[in-house]
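Ligands are counted one by one from 1 in listed order, and the atoms in each one are counted from 1 as well. These numbers come from the heavy atoms of this one structure, side chains and all, not from hydrogens, waters or symmetry mates. What you are looking at is a predicted structure, and each value in this text was computed from that prediction instead of being measured.
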Amino acid sequence: MVIKLRRQTIDILKILKEKKLECEASDLANELEIDYIVLMSAINELKEQKLADFKENEVYLISLNEEGSLYLKNGLPERQLLQILLRDEIKETTIDDLLQKSKFEKEMFYIGLSNMKKNKWIAQSKASGENKLFLILEDFPENDLEIFLKKFGTKNRLLYNSLSKDELLQFESLNKRKLIQKERKTQRIIFLIEKGKKLKINEIAELEQISKITPGMLSSGMWKNYNLKSFDVTKPGPLLKAGKIHPMVNLINKIREIFISLGFTEIRGPIIESAFFNFDALFQPQDHPAREMHDTFYLNNPKIAKLPEKDRVKAVKETHENGGESGSTGWGYQWDENIAKKTLLRTHTTATTIRRLADFYRNNDIPPIKVFSIDRVFRNEKVDRSHLAEFTQIEGIVIGEKVTLCDLIGVISEFYKKIGFEKIITRPGFFPYTEPSMEIAVYYDKLDKWLEMGGSGIFRPEVTYPWGIRNPVRVLAWGLGLERLAMLKFGREDIRDLYINPIKWLRQESY
Ligand code: PHE
């Protein structure tokens with residue numbers, strides 16, 4: 001008759017047959033490098049087939065503790081001290097000299113010293129007035145204690161019950177020195193029984209196991225004829241790589257939350273913008289270098305933008321030509337409406353905040369008004385590790401009575417603090433539409449550097465007057481780079497990574 005067993009059980013049975021003797025379960029599991037539980041499940045299978053069995057024994061096991069294991073490796077303190085004397089060919093020394101030479105802790109040193117004396121390796125004498133140590137032997141073979149200690153080099157644990165009389169003495173002395181421990185354990189001793197001993201290898205066949213039951217097996221009842229594979233519930237499951245939110249989206253959402261928590265409302269404006277809102281309304285003269293082709297993507301289709309209300313266009317025209325009502329003298333040139341009508345991809349989201357000023361005028365809004373936008377802008381730049389032609393600005397304005405530069409610094413530093421940058425500095429800057437103007441830099445501790453983040457300032461009267469915003473109502477404004485911030489936050493050195501999406505980075509950073 002053929003007996004069917006699982007693959008692993010067959011392997012274990014073969015080993016038991018080779019060994020012929022009883023063996024202890026955890027020793028066997030160690031030897032086979034399998035889990036104790038896996039081994040015992042195989043033994044139970046053998047037991048069911050009446051091939052093998054196990055009995056339980058209460059035993060005491062002894063093993064070295066941490067200090068004991070250290071001495072097993074380096075030698076007992078007395079042996080280590082002796083080694084120093086032999087190495088340096090010292091036959092005679094003082095306690096202090098030896099202590100210094102050994103670099104031992106005092107306690108360990110004196111234990112070593114007293115055992116050297118006990119072993120009769122050295123003698124101590126005060127004959128010449130000084131307290132001296134002498135080596136008194138030529139040869140220092142390992143003593144019984146050391147030989148016993150060495151036994152733990154091959155086996156971590158020894159069976160207390162199997163120690164010889166002499167070994168028991170050594171155990172006691174290690175025990176007194178607190179280098180060894182004794183613990184009670186239930187051992188399982190595995191052995192083959194008659195049927196198992198007689199069974200020939202060719203009388204064993206591998207048991208077919210299945211891991212899935214089909215509806216067919218269930219309805220026919222056939223599933224009972226199969227042997228089900230057991231699950232190892234301790235094994236880690238396969239790694240799930242689920243879709244996650246892109247790190248940039250997470251960052252944008254965080255920024256959004258910060259501004260909203262500070263009482264701001266989000267606004268959005270068109271990507272295709274008129275030169276009017278992108279430049280003219282910002283008091284940038286029509287021959288301003290930033291308007292030139294190399295910076296701005298002008299569009300052919302649509303080619304012409306609609307301008308806002310005639311009287312507002314007139315107000316902007318007048319600020320350029322003579323300062324209009326703003327109290328400024330303007331730029332003193334003939335403003336051309338056709339240039340203002342040109343279409344372009346907005347070069348900054350300041351165009352969007354100006355649209356908010358226009359709405360302020362139309363709606364007769366009452367300050368304070370606080371808005372922000374996180375949106376895409378475009379500049380004709382060569383793309384490299386620190387530049388993109390299409391990037392994102394974190395823009396915002398506060399329209400308020402008597403608001404000051406301090407308020408501006410307050411909002412900006414609060415924002416950076418909340419996003420994780422404690423230290424920021426502001427430095428004087430220049431923008432045609434703000435006065436005073438500030439550049440903002442944050443401190444990046446990994447590089448020990450201040451990094452430029454964007455610009456800010458208080459809109460000039462030439463910018464705000466056409467929209468009916470007059471002293472003492474002022475507009476604080478800022479435009480900060482999102483990708484710069486993202487590089488710092490995510491520790492990326494190449495700005496392109498943020499959108500090329502290295503998969504490893506995405507998996508690390510997304511959640
Ligand atoms: N628009 C500026 C830029 O793109 C930033 C800025 C916004 C400066 C608002 C001052 C006020 O760099």
Item to check | For Arg427, side-chain hydrogen bond (donor to acceptor under 3.5 Å, both in side chains) partners two or more places apart | outcome: Glu452
Next on the checklist: With a 4.0 Å heavy-atom cut-off, what residues sit around ligand 1?
Outcome noted: His348, Thr350, Arg379, Gln393, Glu395, Phe431, Tyr433, Thr434, Gly455, Ser456, Ala477, Trp478, Gly479
Next on the checklist: Listing request: all salt bridge (Lys or Arg N to Asp or Glu O under 4.0 Å) pairs with a residue in residues 360-369, at least two apart in sequence or in separate chains.
Outcome noted: Glu309-Arg362, Arg356-Asp365, Asp359-Arg362
Checklist entry - Would a line drawn from the ring center of His348 to the ring center of Tyr433 be shorter than 6.0 Å? => result yes
Checklist entry - Is a side-chain N or O of Gln286 found less than 3.5 angstrom from the main chain of Trp335, in a donor-acceptor match? => result no
Checklist entry - Do any pairs count as a ring pair (Phe, Tyr, Trp, His ring centres under 6.0 Å) and have a residue in residues 262-292, sequence neighbours left out, and if so which ones? => result Phe259-Phe264, Phe264-Trp478, Phe283-His320, Phe283-Trp331
Next on the checklist: Checking the side chain of Gln393 only, and the main-chain atoms of Thr349 only, is there a donor and an acceptor separated by less than 3.5 Å?
Outcome noted: yes
